[in-house]
Visitor: 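Once you've had a glance at the structure underneath, I'll fire off some questions.
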2 protein chains.
Amino acid sequence: MNKQIVHVPEPTLRRLPLYYHYLKTVLATGREAISCTHIGNDLNLDPPQIRKDLAYTGIRGMPKVGYQIETLLNSLEDFFGWNRIDEAFLVGVGNIGKALLKYEGFKRYGFKIVAAFDKDPTIVGQSFCDVKVLPIEKLPNLCSRMKIKIGVIATSENAAQEVADQMIEGGIRGIWNFAPAAIKVPEGVIIQNENLAAGLAVLSKKLQLLMQSGKFRQEVVK
Amino acid sequence: MNKQIVHVPEPTLRRLPLYYHYLKTVLATGREAISCTHIGNDLNLDPPQIRKDLAYTGIRGMPKVGYQIETLLNSLEDFFGWNRIDEAFLVGVGNIGKALLKYEGFKRYGFKIVAAFDKDPTIVGQSFCDVKVLPIEKLPNLCSRMKIKIGVIATSENAAQEVADQMIEGGIRGIWNFAPAAIKVPEGVIIQNENLAAGLAVLSKKLQLLMQSGKFRQEVVK
DNA sequence: TTTTTATCGATAAAAAAATATCGATAAAAA
DNA sequence: TTTTTATCGATATTTTTTTATCGATAAAAA
């Protein structure tokens with residue numbers, strides 16, 4: 001009678017942290033239960049969609065009352081395995097790398113960068129937010145010794161594939177890639193590509209359509 | 001006979017910058033034309049999908065040869081309006097804000113942050129990458145005077161809505177939101193939410209499933 | 001206690017996106 | 001010149017995701 005492995009749609013996975021973060025803030029106001037209607041109102045989403053998303057975490061709501069916020073938060077933590085902290089390595093301590101190191105919010109999601117690597121000797125040895133930057137050569141060895149399973153790539157495009165190979169060699173199974181490169185990984189390794197330009201592209205296209213549509217007049221006649 | 005406004009699927013919009021970036025690097029190698037098969041091979045995507053995506057930009061390929069890379073790049077630039085630089089304002093000069101200021105890559109996408117704002121007096125007056133940080137009070141006025149249409153929000157959750165309101169008041173029509181908040185905007189304003197936790201959630205869930213599936217044995221017997 | 005109402009859960013329908021198929025065509029090879 | 005091959009563009013199919021519908025149920029009100 002063990003829990004069946006169901007496939008969860010990726011859009012749902014992407015929305016769940018949103019609910020989680022929102023529910024944390026609602027809980028802080030002292031409220032104990034909340035309905036999908038209410039969540040949808042605050043988050044600009046349709047209630048049925050929220051209900052469906054939440055159903056994947058295995059939680060049940062109650063008519064007329066909604067969901068127990070605390071139970072719901074626990075369900076989400078269980079669902080993602082955020083109860084135990086996943087330690088991760090970061091490679092590439094440039095702008096994005098530093099921002100990730102400085103970003104406090106990850107701990108909430110059971111994610112913590114425990115070491116950073118770079119090839120630039122002027123950066124190696126420095127510390128950012130208590131994380132020391134080590135020479136890249138030490139990566140594979142440390143990976144396997146510390147049994148790290150998540151790696152973050154924030155290098156330039158050309159370095160990305162090589163870094164990924166070294167990570168995999170060291171036993172890393174999930175790669176969060178911020179480099180604008182298509183990294184190839186063997187089966188059994190998960191790669192999640194993050195691409196800032198994607199969001200910008202969507203915004204700028206929509207904006208362009210809006211401007212063209214004529215609904216918007218830039219000229220303000222004084 | 002003007003160009004019809006067709007709806008472009010969002011996943012396509014998100015993939016197009018990927019092709020753009022890739023094609024730039026291929027062009028640099030001296031190659032002149034490329035086929036979808038080739039692109040798909042390098043980018044780990046299915047050729048028919050690439051063909052479909054590229055078709056939205058209005059370009060035509062040629063059997064046996066593929067697409068002219070330079071023409072394709074121009075089509076993409078036209079499509080997104082990357083020929084002229086869009087100036088944007090940034091509010092919130094924390095970790096993410098600074099990373100965005102430092103990020104050089106945006107220029108390629110016709111996007112440039114020309115001024116930054118913060119409410120913290122210790123940050124106001126400082127400069128990051130030639131962008132001066134101004135007091136938040138100056139935002140609405142400067143917006144309309146400079147006719148800025150894109151705003152980037154990198155503030156805390158609680159400040160986000162107020163900042164958005166000020167931006168809209170100043171005439172901003174597109175908001176790129178990095179704050180973990182559900183900002184409400186009137187019709188005629190585009191909001192694009194960026195959420196780092198989303199990508200992390202997808203990665204950690206997939207990784208969790210991988211580990212559970214038993215295909216992966218962590219123990220290495222020496 | 002009975003009625004009303006909010007809200008859930010499940011199911012169904014619709015829309016969107018990804019994937020596969022296939023004829024057409026241009027270049028290269030025979 | 002004819003044949004072959006790579007690759008396109010268009011169409012069709014399948015899958016995925018979103019949106020809508022509706023009966024059931026628990027709490028609150030009458």
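Lettering follows sequence order; numbering is per chain, from 1.
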Visitor: Between A/Arg84 and A/Asp86, is there a side-chain N and carboxylate O pair less than 4.0 Å apart?
Guide: yes
Visitor: Using Watson-Crick or G-U wobble geometry with both distances under 3.5 Å, which nucleotide pairs with D/dT1?
Guide: C/dA30
Visitor: In the strands shown, is D/dT21 matched to any nucleotide by a Watson-Crick or G-U wobble pair with both distances under 3.5 Å, and which?
Guide: C/dA10
Visitor: Please determine whether a side-chain nitrogen of the Lys or Arg among A/Glu10 and B/Lys206 lies less than 4.0 Å from a carboxylate oxygen of the Asp or Glu.
Guide: yes
Visitor: Does A/Lys112 make a cation-pi contact with A/Phe106, if we ask for NZ or CZ under 6.0 Å from the ring centre and within 45° of the axis?
Guide: no
Visitor: Check the distance between C/dG9's P and A/Tyr56's OH and give it to me in whole angstrom.
Guide: 14 Å
Visitor: Do B/Lys52 and B/Gln49 have side-chain atoms, one donor and one acceptor, less than 3.5 Å apart?
Guide: no
Visitor: Starting at CZ of A/Arg51 and ending at P of D/dC22, how long is that distance when rounded to a whole Å?
Guide: 15 Å
Visitor: Could you give the CE-to-C1' distance, from B/Met62 to D/dA6, as a whole number of Å?
Guide: 14 Å
Visitor: Measure the distance from CD1 on B/Ile50 to P on C/dT19 and round it to the nearest whole Å.
Guide: 11 Å
Visitor: Grab the CZ-C1' distance between B/Arg15 and C/dA16 for me, whole Å please.
Guide: 12 Å
Visitor: I want to check one thing: is the phosphate of C/dA26, taken as OP1 and OP2, less than 4.0 Å away from some side-chain N or O of B/Arg60?
Guide: no
Visitor: Under 4.0 Å: is that the gap between some side-chain N or O of B/Tyr67 and OP1 or OP2 of D/dG9?
Guide: yes
Visitor: Paired with C/dT19: which nucleotide, if any, by Watson-Crick or G-U wobble criteria at under 3.5 Å for both distances?
Guide: D/dA12
Visitor: Looking only at the side chains, is there a donor atom on one of B/Gln161 and B/Asp165 sitting less than 3.5 Å from an acceptor on the other?
Guide: yes
Visitor: Name the residue closer to the 5' end of DNA chain D, choosing between A/Thr12 and A/Val65 according to the nucleotide with the nearest heavy atom.
Guide: A/Thr12
Visitor: Please report the distance, rounded to the nearest Å, between CG in B/Leu13 and C1' in C/dA17.
Guide: 13 Å
Visitor: Find which nucleotide of DNA chain D each of A/Lys52 and B/Pro63 is nearest to by heavy atoms, and output the residue with the more 5' nucleotide.
Guide: B/Pro63
Visitor: Please determine, for the side chain of B/Lys64, which listed nucleotide (D/dT17, C/dA28, D/dC8) has the closest atom?
Guide: C/dA28
Visitor: Which whole-number value in Å describes the distance from A/Gln49 CD to C/dA10 C1'?
Guide: 17 Å
Visitor: Atom CD1 of B/Ile59 to atom C1' of D/dT7: distance rounded to whole Å?
Guide: 14 Å
